[in-house]
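We name chains A, B, ... by the order of the sequence lines, and we start the count at 1 in each one.
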Protein chains: 2
Amino acid sequence: MTDTPPARAWRVVLDKIEGDLLEGRLGPGERLPPERELASTLGVGRSSVREALRVLEVMGLIRTGTGSGPTAGAIVTATPHGGLSQLLRLQVAAHGFPIPDVYETRLLLEEWAVAHLAERPDADLADARSTLDAMAADALSIDDFLALDAQFHVRLAEASGNVVVSATMAGLRETIESYIRGGAARIADWDATAARLRHEHAEVLAAIDAGDAEAARRAVRAHITGYYSDAGLPTPA
Amino acid sequence: MTDTPPARAWRVVLDKIEGDLLEGRLGPGERLPPERELASTLGVGRSSVREALRVLEVMGLIRTGTGSGPTAGAIVTATPHGGLSQLLRLQVAAHGFPIPDVYETRLLLEEWAVAHLAERPDADLADARSTLDAMAADALSIDDFLALDAQFHVRLAEASGNVVVSATMAGLRETIESYIRGGAARIADWDATAARLRHEHAEVLAAIDAGDAEAARRAVRAHITGYYSDAGLPTPA
DNA sequence: GCGTTAACGTGGTCTGACCAACCGGAAGGC
DNA sequence: GCCTTCCGGTTGGTCAGACCACGTTAACGC
């Protein structure tokens, strides 16, 4: 037994790099060996090395650059945002993740984030506040407003200090981005809606400032479900 | 402006497939065109096609098989579990995700899941119950017990009906798997701990059955934080 | 000393080749 | 006629080699 299915070449490369990362032989900011060197070291073809590196790149672990010098080569970046977003988007496209589940998960993560913030008076909400100020500007197009809206929510999640939560939240938000934009077209009085959304944002911040976790939960839930309802977007039963 | 960075060949392939999925030209269970055909159709080399397919495979969207017949070729599967787990593991390895954040996220997802279950009397907990029964068996090794423990939690998340939550939960759990196993070694009286864990599982189920969401939250939080504390595992400040 | 140019190292891509696994039908034996 | 065997075709898995684009660096000419 313990019969090993003949390890696929690219998996060997992936495991090698994951091992180097775990053992600390490789860390953020550092460079991987050149592709040709990795190939000969591991006894695989360069194309197999490239398949593994491509996976790492899409998952947001490395960034590749041509030429020479400090910016060239494959460099460990460990930026979770892009990869998570890509994965979620593809899974939704392939019907692995139903939209209502994405929506519901986003909701629960945001509720947690604001409740968490309300319980930590030392949290830094400056970024969220400045985004809210920017949303008060006149002459914002719908797209610009929605971009700031998204930024506000992401900033809140980031303020929670939990990288996994904020990255997941951002990925989920991005995944349903097109649906949110499409829903805006179904809203009759956009100016009134925008004003209400701004007001609701302020309410969320106020609840956090007051240290009232439950109020913050309710406010953020009402804010999100309200928009979904107005825009006629699919929600879980 | 709008100057397009010369689209990388593999990205063309990835976008093409994502588009086909979104437009419904491709769905779960269906087969992608052969690599050589995709290459000539899109005007790229086969190696570029393979890089894109590798990404899709690792992300859990497709399964590839050699030979001919119905099982051969690249088939859309859309099984989110593996890909999510892989991504989280790599991000943790690369220090993109701190372990305490993973732990905290797992906790909040599980709390949501049990609270959600408590509010839905029609939820099907049979799978979770049978796992709990299996944990009562004598002569379970620590590893076997922990595997069943993990299964119990995953089953609970699955019962919530939210695929995103359960897949993320499973991925997070798997990511910290090695830490959990390592922690078990630091526990003095394992039999007593195992008995307590079983009892706590039963309490969680009881709270769900009673429809008491808050009690379920408290029970699952106490269960998880208790183990982490006993095992001396890192938790958020 | 300074500007120009050539060499080199890197990822990005393509092509062609071969292998392994698998299925399906044709050929053969009974 | 039916079963077994074998062969060819299809498909992914992998490798080797080649070429390009890009950016640094060092050598060169003045």
>> Generate the contact string for nucleotides 7-16 of chain C. Rules: B means base contact, S means sugar-phosphate contact only, - means no protein heavy atom under 4.0 Å.
In response: --BBBBBBB-
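In this view, B/Glu111 and B/Leu107, B/Arg217, B/Val220, B/Arg221 satisfy the side chain to side chain contact (heavy atoms under 4.5 Å, CB included) rule, not counting sequence neighbours. Taking A/Trp10 as the reference, nothing meets the ring pair (Phe, Tyr, Trp, His ring centres under 6.0 Å) condition, with sequence neighbours excluded. For A/Leu22, the side chain to side chain contact (heavy atoms under 4.5 Å, CB included) criterion is met by A/Glu18, B/Ala93, not counting sequence neighbours. Considering only residues two or more places apart in sequence or on other chains, B/Arg31 meets the side chain to side chain contact (heavy atoms under 4.5 Å, CB included) condition with B/Ile75. With sequence neighbours excluded, the residues satisfying side chain to side chain contact (heavy atoms under 4.5 Å, CB included) with B/Ala113 are B/Ser160.
Contacts classified as salt bridge (Lys or Arg N to Asp or Glu O under 4.0 Å) and involving residues 178-187 of chain B (residues at least two apart or in different chains) are given here: B/Asp143-B/Arg181, B/Glu177-B/Arg181. Listed by first and then second residue, the ring pair (Phe, Tyr, Trp, His ring centres under 6.0 Å) pairs that reach into residues 139-160 of chain B are B/Phe145-B/Trp190, B/Phe152-B/His201, B/His153-B/His201, B/His153-B/His223, sequence neighbours excluded. Counting only residues at least two apart or on different chains, the ring pair (Phe, Tyr, Trp, His ring centres under 6.0 Å) pairs with a member in residues 48-107 of chain A are A/Tyr103-A/Tyr228. Applying the side chain to side chain donor-acceptor pair (under 3.5 Å) test to every pair with at least one member in residues 58-71 of chain B, sequence neighbours left out, gives no pairs at all.
Axis orientation changes by 40° from one end of the helix from C/dG1-D/dC30 to C/dC30-D/dG1 to the other, with each end axis drawn from 5 pairs and the value rounded to 10°.
When all heavy atoms of A/Glu174 and A/Ser85 are compared, the closest pair comes out as OE2-OG, 2.7 Å.
Think of the region where chain B sits on DNA chain D: with heavy atoms and a 4.0 Å cut, that region ends 5' and 3' at D/dG9 to D/dT14.
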